[in-house]
Structures are given as structure tokens and as C-alpha cells.
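Okay, so here's the structure we're looking at.
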Amino acid sequence: MPSLPEMMFGDNILRIQHDRGFGIEFNATDALKCVNNCQGMIKVACAEEWQESRSETEHTKEVVKPYDWTYTTDYKGTLLGDTATLKVVPTTEHINTEKLKAREQIMFFEEVLLFEDELHDHGVSSLSVKIRVMPSSFFVLLRFFLRVDGVLIRMNDTRLHHEADKAYMLREYTSRESKISSLKHVPPSLFTEPNEISQYLPIKETICEKLEFPEKLEPKPEASLETMCVKSK
């Protein structure tokens with residue numbers, strides 16, 4: 001990759017790991033490895049006007065960076081473990097959002113920013129992860145948010161949920177996207193609010209998976225795996 005985000009927090013890690021070594025973590029370096037290193041296809045809103053005003057010069061036929069300059073990533077986390085690892089299995093089972101809405105003591109909460117870039121003042125590209133731990137379960141949300149002013153909004157969410165009595169975690173990946181021209185009915189003030197704008201973005205892709213614990217491992221009645229590590233600087 002010829003360029004990194006303006007703000008890359010390489011030391012920031014959210015790691016969820018069992019004492020047997022298997023688990024999952026979220027970090028900026030692995031997330032950026034999922035970015036398309038080939039030529040990006042998104043132009044800024046002023047690209048056509050900028051190109052027309054300089055059409056006689058030989059270097060302005062393309063106003064596209066030679067890589068995905070939006071840093072769009074479909075990263076879903078990095079699996080951990082050598083001898084014992086989580087097994088990824090496709091599933092039709094979804095995370096029970098109603099259970100997550102239930103009132104329950106929050107024993108631990110943290111949000112970690114992995115990278116952010118203002119796209120040379122043409123919007124924002126960011127990746128963050130947050131975790132919430134309750135007595136009966138834990139929930140993780142990894143969110144990539146992209147706004148190219150006047151062009152589009154894109155959001156890739158990975159949700160991870162584990163209930164204490166289950167020998168697996170559920171992972172749901174959802175990709176949403178819309179052109180700004182299709183959001184004329186939406187107040188522009190919402191364009192900068194990922195939680196608010198998400199409901200207006202059509203779903204482009206959904207992937208549901210079970211992350212199964214290694215065999216012969218009985219689930220324990222804790223809300224999480226054995227070890228949780230959050231590094232943030």
C-alpha cells in the first residue's frame with residue numbers, strides 16, 4: 001500500500017482470548033491488509049470539474065489514486081491460536097438483538113479507534129471497535145465508516161456475540177452503501193452520524209458465521225472467554 005491513513009493506531013488492539021490460546025483480535029495492521037491495493041474507483045465530487053478545467057494537460061485524465069484511497073476494508077477480525085483455533089462455519093442463525101436490548105449490568109465497556117483519515121478534506125474514513133461485557137454475554141462491534149462528500153456513504157459492520165452457555169460465538173458482517181444523490185430525503189446532518197445514517201443505507205452484503213470453540217471444550221458460565229485485553233494509546 002503506497003500510503004497509510006493519516007491517523008493509524010498500530011498499538012491499539014482489542015483481543016479476546018481463551019487460556020488455551022484460541023480467540024480473536026482486532027487490529028489496524030490486519031485490517032489494512034484487507035484493503036484493495038489495486039486502483040481505486042471512487043472519485044471525489046469535484047473530480048469531473050477539476051479534470052475539465054485542466055483537460056489540455058497530459059496528467060489530468062484520471063483523478064483516481066493508484067490504490068483504494070478510501071481504505072475500505074471488509075476485515076472481520078484476526079483468529080488466534082496455534083494448536084487450538086476457532087472453527088468458522090456458515091450459519092443461518094442471527095444475533096438475538098432483543099437479548100442485547102434487555103437491561104443488564106454492563107461490567108466492562110471500551111471503544112478503540114484503529115485508524116482514521118479525512119481523505120484530504122473530502123470526507124472521512126475510519127475503523128473502530130467497541131466491546132460491551134455483561135454477566136450473561138459479551139458483544140463486539142467493529143465498524144468501518146466511509147463518507148466521501150457529495151459522492152457516497154459506506155459502512156461495513158462486523159458484530160460478534162457470545163453467550164456464556166454457548167460453545168461458539170456468532171459473527172455477522174453487514175455491508176451497507178448509498179450514493180449521496182440517493183439520500184436527498186435524509187437531513188445532511190445525519191451524514192456524519194453513523195448510528196443514525198445506517199438505517200438509510202441499503203444492505204449490499206450479509207455474512208453470518210459461527211466461530212466454534214475447539215472440540216472437547218465445555219463452555220464456562222462466564223460472560224466471556226478467559227482473557228480480554230484492550231490496548232489503547
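When a residue number appears, it is its place in the shown sequence, counting from 1.
The side-chain heavy atoms of I197 and Q199, taken from C-beta on, include no pair separated by under 4.5 Å. No side-chain heavy atom of F139 sits less than 4.5 Å from a side-chain heavy atom of V133. Side-chain contact check for R176 versus P202: every heavy-atom pair is 4.5 Å or farther apart. You'll find the side chain of T206 stays beyond 4.5 Å of the side chain of Y173, heavy atoms only. Counting heavy atoms from C-beta outward, Q17 and F22 have side chains that stay 4.5 Å or more apart. Side chains of I153 and I180 form a contact here, defined as non-hydrogen atoms less than 4.5 Å apart.
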Open item on the list: Assess the residue pair K76 and E209 against the criterion (salt bridge (charged side-chain N to carboxylate O under 4.0 Å, His left out)); give the C-alpha distance rounded to whole Å, side-chain angles, the decisive distance to 0.1 Å, and a yes or no.
Closed with: CA-CA 11 Å; K76 305 176 189 67; E209 298 168 318; over 6 Å; no
- [ ] Tell me, with the steps shown, if T192 and R147 meet side-chain hydrogen bond (donor to acceptor under 3.5 Å, both in side chains).
- [x] CA-CA 8 Å; T192 59; R147 187 190 75 252; 5.7 Å; no
TODO: Please test S136 against E163 for side-chain contact (heavy atoms from CB on, under 4.5 Å), starting from the C-alpha separation and ending with a verdict.
DONE: CA-CA 6 Å; S136 65; E163 296 182 76; over 6 Å; no
Open item on the list: Could you walk me through whether L119 and V124 satisfy the side-chain contact (heavy atoms from CB on, under 4.5 Å) test, starting with their C-alpha distance in whole Å, then the side-chain angles of each, then the deciding distance to 0.1 Å, before giving a yes or no?
Closed with: CA-CA 6 Å; L119 307 178; V124 66; 5.8 Å; no
- [ ] Using the side-chain contact (heavy atoms from CB on, under 4.5 Å) rule, take R132 and M107 through it: C-alpha gap first, then chi angles, then the decisive distance, then the call.
- [x] CA-CA 8 Å; R132 175 166 49 115; M107 303 167 63; over 6 Å; no
Open item on the list: One pair to check against side-chain contact (heavy atoms from CB on, under 4.5 Å): L160 and I24. What are the steps and the verdict?
Closed with: CA-CA 10 Å; L160 188 70; I24 187 170; 3.8 Å; yes
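Judged purely by atom type and a 3.5 angstrom limit, N156 has no side-chain atom pairing as donor or acceptor with the backbone of S175. Looking at E212, its side chain never comes within 3.5 Å of a backbone N or O of V89 through a donor-acceptor pair. Side-chain atoms of E116 do not come within 3.5 Å of backbone N or O of L113 as any donor-acceptor pair. A side-chain donor-acceptor contact under 3.5 Å links Y71 to the backbone of L4.
A ring-centre distance under 6.0 Å is not found for Y168 and F213.
For the atom pair SG (C34) and CG (L127), the distance works out to 10.0 Å, reported to the nearest 0.5 Å. Atom CG in L79 sits 6.5 Å away from atom CG in L211 (nearest 0.5 Å). To the nearest 0.5 angstrom, D165 atom CG is 10.0 Å from S137 atom OG. Considering CG of L114 and CG of D11, their distance stands at 11.5 Å, rounded to 0.5 Å. Between atom CD1 of residue I13 and atom OG1 of residue T78 there is a gap of 9.5 Å, rounded to the nearest 0.5 Å. Here the CG-OG1 distance, from L146 to T73, works out to 12.0 Å after rounding to the nearest 0.5 Å.
For E98, the side-chain hydrogen bond (donor to acceptor under 3.5 Å, both in side chains) test picks out K101, with sequence neighbours left out. Applying the salt bridge (Lys or Arg N to Asp or Glu O under 4.0 Å) criterion to K184, with sequence neighbours excluded, gives no partner residue. For E172, the salt bridge (Lys or Arg N to Asp or Glu O under 4.0 Å) test picks out no residue, with sequence neighbours left out. With sequence neighbours left out, the salt bridge (Lys or Arg N to Asp or Glu O under 4.0 Å) criterion links D74 to no other residue. In this structure N195 satisfies the side-chain hydrogen bond (donor to acceptor under 3.5 Å, both in side chains) test together with R143, sequence neighbours excluded. Here E118 pairs with nothing under the side-chain hydrogen bond (donor to acceptor under 3.5 Å, both in side chains) rule; sequence neighbours left out.
S125 and D117 share no side-chain donor-acceptor pair at under 3.5 Å. Donor-acceptor pairing under 3.5 Å is lacking for the side chains of T158 and R171. For the residue pair T174 / D157, no side-chain donor-acceptor distance below 3.5 Å is found, with atom types taken as modelled.
Following chains of ILVMFWY side-chain contacts shorter than 4.5 Å, one can reach L141 starting from I95, so the two form part of one hydrophobic cluster. V148 and F115 fall within a single hydrophobic cluster, where Ile, Leu, Val, Met, Phe, Trp and Tyr side chains are chained together by heavy-atom contacts under 4.5 Å. If you chain together hydrophobic residues whose side chains sit under 4.5 Å apart, Y75 and F145 never meet in one group. Hydrophobic cluster membership is shared by L170 and M134, with clusters built from Ile, Leu, Val, Met, Phe, Trp and Tyr side chains linked at under 4.5 angstrom. Transitive grouping of hydrophobic side chains (ILVMFWY, heavy atoms separated by less than 4.5 Å) brings L152 and V35 into a common cluster.
The minimum heavy-atom distance linking L32 with M8 is given by the pair CD1-SD, 3.6 Å. Nearest heavy-atom pair, V140 versus L14, reported as atom, atom and distance to 0.1 Å: CG1-CD2, 4.1 Å.
A salt bridge between E215 and K87 is absent, with no side-chain N of the basic residue lying under 4.0 Å from a carboxylate O of the acidic one. Comment: E177 does not engage K204 in a salt bridge, judged by the lack of any side-chain N to carboxylate O separation of less than 4.0 angstrom. Using a cutoff of 4.0 Å between basic side-chain nitrogens and carboxylate oxygens, K210 and E93 are scored as salt-bridged.
Within a 6.0 Å sphere centred on NZ of K179, heavy atoms belonging to other residues, nucleotides or ligands number 12 at most.
Below 30°, between 30° and 60°, or above 60°: for H185 and Y200 the angle between ring planes is above 60°, a perpendicular geometry. Classified by interplanar angle (parallel below 30°, tilted 30° to 60°, perpendicular above 60°), the ring pair H162/F138 is tilted.
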